[in-house]
Amino acid sequence: MKQHELPAEAGPIGVFDSGYGGLTILEKIQQQLPEYDYIYLGDNARTPYGTRSFDVVYKYTLECVIKLFEMGCHLIILACNTASAKALRSIQQRDLPVLDPERRVLGVIRPTVEAIGSLTHSRHVGLLATSGTVQSQSYPLEIRKLYKDIVVTAEACPMWVPLIENNEHNSEGADYFVHKNLNELLATDPDIDTIMLGCTHYPLLIDKIRQNIPSGIQVISQGELIAASLADYLKRHPEIDLKCTKNKSTRYYTTESTEKFTTSASIFLKENIHAEHIDPE
Ligand code: DGL
C-alpha cells in the first residue's frame, strides 16, 4: 500500500456511506453528541454498493476511509451496512495496522445486532437490506453469536436504494416494490414481530413500510442505536475521544456533483447544507 500522510492532531469524526443513507445515522449521532465535529463523505458517484462484489466494495470503502483519515479523522463510522458487511473486517485487520494502528473504523452491524435481543418477543426477526448485505450473511452470523434462539429471515430489496437515491421514494414505483418485498418477507416467516432496517437508506421508506405490515410488527431503524453505541464507545475510550475535536461543526463531501448532493441531502436532513466535491482515488 502506498504511504499516506495522516495529520496527527485531533480532528472531526468521519461518517461514511455509499450515498445519502448515512445521513440518517449522522442526524441521530449529531442529536446525541452535538458538541463534536463531523465530516460526512458520500460516495455518490459510485453508489449503489449493494449490488457490487466484495472486492469492489472493499476497494471503494478503503479509498474513502483513507480520504477521511487524510482530512484529519481519527475515528470513522461506516454508516453503511454494505460497507460494514463487506469491507470493515479487512480494513480493521489488514489496513489499519499499516495506515495507523491508533485510528479506528467502526461499523453499524454489531451495535444493531446487540440491540435485537431485547426487541423481539417472538424471537423471529426480519431483515431488510441490500443484496450485498444479505449475501454476506453478516447479520445471521452475528446474531447467532449473541442469541442462538433468534431466527432471522432476510429479504434483499435491490430496488429500494436506487429509488431513494433518485428521489422516487414517494412514487407508485416505490409502493410496488415495498409491498412486494414485505409480502415476500412475511410469507417466508409469518411469526416475525420485529423488522430491522439493515440499510441506512431505508428509514426514508419507513411510513410506506408500516403501511404494508400488520400493526403488531415493530420496525427498527438504526440511527438511534448507532448513536447510543458511539456515545458509549467514546466514554469507554477516552484516548479516542481526545482525538475528536468539539466545535459543533459538520462538513459534507460527495464524490458526485455538489449541486445534486446539496439538493438530495436536504430531503434527508430537512435542512439546507453546503457540500464540497472530493475525488476518492
Ligand atoms: N446505505 C447502504 C447500506 O446501509 C447501502 C446503499 C448502497 O447499496 O449503496 O447498506
Side-chain angles (χ1 to χ4, degrees), residues 14-29 40-65 76-89 91 105-113 115 126-140 142 154-169 174 177-178 181 195-206 209 219-227 229-230 252-256 260-261 264-265 267-269 280:
V15 178
F16 166 74
D17 183 43
S18 60
Y20 304 108
L23 294 171
T24 64
I25 304 285
L26 174 67
E27 188 186 19
K28 300 295 177 193
I29 293 178
Y40 184 85
L41 171 53
D43 194 6
N44 301 79
R46 305 188 292 193
T47 199
Y49 279 17
T51 42
R52 296 189 190 275
S53 68
F54 262 89
D55 287 352
V56 171
V57 173
Y58 164 62
K59 175 180 180 291
Y60 288 178
T61 306
L62 178 61
E63 284 171 354
C64 291
V65 161
I76 296 172
I77 311 299
L78 299 186
C80 174
N81 290 268
T82 312
S84 300
K86 292 189 161 187
L88 178 64
R89 184 161 312 168
I91 291 175
V105 180
L106 307 176
V108 288
I109 294 180
R110 182 73 191 201
T112 308
V113 165
L127 172 74
L128 300 171
T130 65
S131 310
T133 300
V134 172
Q135 276 158 15
S136 76
Q137 294 280 328
S138 298
Y139 271 94
E142 287 295 324
E155 171 77 12
C157 311
M159 292 305 292
W160 291 18
V161 169
L163 282 164
I164 295 166
E165 288 277 323
N166 289 293
N167 200 9
E168 289 288 338
H169 50 286
F177 283 107
V178 169
N181 288 123
I195 293 181
M196 262 341 291
L197 304 188
C199 171
T200 55
H201 282 68
Y202 295 176
L204 267 86
L205 290 168
I206 200 157
I209 294 170
V219 184
I220 310 293
S221 37
Q222 297 174 289
E224 274 153 22
L225 305 178
I226 305 307
S229 160
L230 177 60
Y252 297 88
Y253 287 88
T254 175
T255 56
E256 243 288 349
K260 186 171 183 310
F261 186 89
S264 298
I267 298 167
F268 280 75
L269 294 173

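For the numbers below, each heavy atom of this structure counts, side chains included, while hydrogens, waters and symmetry mates do not. We count ligands from 1, going down the list as the structure has it; atoms in each ligand are counted the same way. The first residue of the sequence shown is numbered 1, and numbering continues consecutively from there.
Applying the side-chain contact (heavy atoms from CB on, under 4.5 Å) test to Glu155 and every residue at least two apart in sequence or in another chain returns Leu128, Cys157, Asn181, Glu184, Leu185.
The shortest contact between atom 6 (C) of ligand 1 and any protein heavy atom is with Ser18 OG, 3.3 Å. With hydrogens left out, the protein atom closest to atom 2 (C) of ligand 1 is Cys80 SG, 3.3 Å, a heavy atom. Remark: minimum distance from atom 3 (C) of ligand 1 to any protein heavy atom is reached at Asn81 N, 3.2 Å. Annotation: atom 5 (C) of ligand 1 to nearest protein heavy atom, Thr82 OG1, 3.5 Å.
Rounding to the nearest 0.5 angstrom, the gap separating the CD atom in Gln137 from the CD atom in Glu142 is 12.0 Å.
Leu204 places none of its side-chain heavy atoms less than 4.5 Å from the side chain of Tyr20. Taking 4.5 Å as the limit, some side-chain heavy atom of Tyr252 sits within range of a side-chain heavy atom of Leu26. Side-chain contact check for Ser18 versus His201: some heavy-atom pair is nearer than 4.5 Å.
Between Asp17 and ligand 1, at least one N/O pair is under 3.5 Å apart. Considering both main-chain and side-chain atoms, Gly50 comes within under 3.5 Å of ligand 1 through a nitrogen or oxygen pair.
Using a 4.0 Å cut-off to heavy atoms of Tyr49, the atoms of ligand 1 that qualify are 7 (C), 8 (O), 9 (O). Which parts of ligand 1 touch Thr130 is read off a 4.0 Å heavy-atom cut-off, strictly below it: atoms 5 (C), 8 (O), 10 (O). Of all atoms in ligand 1, numbered sequentially from 1 with element shown, those under 4.0 Å from a heavy atom of Thr47 are 9 (O).
Residue contact annotation: Gly19 has no non-hydrogen atom under 4.0 Å from ligand 1.
More than 12 heavy-atom neighbours from other residues, nucleotides or ligands sit within 6.0 angstrom of CD on Glu27.
Of the residues listed (Thr24, Thr130, Ile195), the one engaging Tyr202 in a side chain to side chain contact (heavy atoms under 4.5 Å, CB included) is Thr130, and it is the only one.
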